[in-house]
Amino acid sequence: MIDLRSDTVTKPTQEMREASFHAEVGDDVYVEDPTVQLLEEKAAEMLGKESALFVTSGVQGNQIAVLTHTNPGNEVILEEESHLFYYEGAAISAFAGVQPRTVKGNRGAMHPADVEAAIRPEDVHLPETGLIVLENTHNRAGGAVIPLETMRATYDVASRHGIPVHLDGARLFNAVAATGISAKEYAQFTDTVQICLSKGLGAPVGSIIAGSQEFISHARKWRKRLGGGLRQVGIIAAPAMIALTEMSKRLHEDHELAKEIEEGIKEAGFELAYPVETNIVIMDVAKTEMNAEQMVEKLEASGIKAVPFGPTLVRFVTHYDVTKKDIKILKKSLNL
């Protein structure tokens, strides 16, 4: 099967497997795993932050950030189709005791004026705004890159009001590959950032959250509370280091394949929900006799896995394990 459901399905490279086998390890709960320490130091450097923390997943990283930044009863401003709101099981409410305040964005980008309008004034009837969350690239907006200037303006708004900004940068390095703007430049307009190592970067497991030393100190305790304190975790931090430092350099290849899918969709007479910017392609079958589920079944019969992304939307995601030959087969299948 050609698996285009997500960039989470990548298999670790041979180099990653060997790095895991030879990794120097220690007890990370005691902060004694040298491989984890090297990974965290490198991530902090690349993101321009004082410190970083290796966590088990992007969801855990986002939840730790919310728990560390906010107090129960706060409100969190985030885009209406952001991953943290849409796909994380209402965890910010279940764990942090905060409520979401959603703002409609343009391809995932909230207008800074709309963000400012959503910030609560001082009033006994209202919750305090405790955090603003951005997502770059934006999954449900078709892998859209949030412009650096939008992030800068949003950060300026947040700073004027004394509100921290967290970036869900699960696919931040896809934005880097698409624009040439460094991860550090994007992250400068945030207080904290989460990057996922097991999506396009291809590590078998793990994410990073980064911020100030004080923030990471508190975040480490929240990680422990959530059961995320692991022991000889260098075994998975070693392949994660390869993902961060090496696999991040090849993401443009995934973007090129996504453009080929875009071309194939147009040639087959289907429509796109959004122009393709990175490694996510969302096809709209609304003008056909099929719905998304039926299209996915049709593709699977041809040996291709995709996912329904709405009643008429189908998502394809390119990644390290997808080849040009695979895309040719997909294009042929679309024309059946």
Who are the salt bridge (charged side-chain N to carboxylate O under 4.0 Å, His left out) partners of E289, not counting sequence neighbours? none

Not counting sequence neighbours, which residues clear salt bridge (charged side-chain N to carboxylate O under 4.0 Å, His left out) with E45? List them please. K42

Flag the pair [X] and [Y] as a salt bridge only when some basic side-chain nitrogen lies within less than 4.0 angstrom of an acidic carboxylate oxygen.
X    : Y    : answer
E128 : R120 : no
E300 : K305 : no
E79  : R140 : no

Have [X] and [Y] got a donor and an acceptor in their side chains that come within less than 3.5 Å?
X    : Y    : result
H255 : E277 : no
N174 : T137 : no
D28  : Q232 : no
Y320 : T13  : no

Under 4.5 Å side-chain linkage, directly or through intermediates, the cluster mates of V59: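 ILVMFWY cluster around V59 holds nothing else.
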
Just checking F95: does its CZ atom have more than 12 heavy atoms from other residues, nucleotides or ligands closer to it than 6.0 angstrom?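 Atom CZ in F95 is not packed in, count stays at 12 or less.
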
Would you sort out whether R231 and Y30 count as a side chain to side chain donor-acceptor pair (under 3.5 Å), showing the intermediate values? CA-CA 8 Å; R231 302 301 178 176; Y30 289 117; 5.3 Å; no

Pair Q99, E75 - check side chain to side chain donor-acceptor pair (under 3.5 Å), show working. CA-CA 5 Å; Q99 70 178 23; E75 190 167 71; 2.7 Å; yes

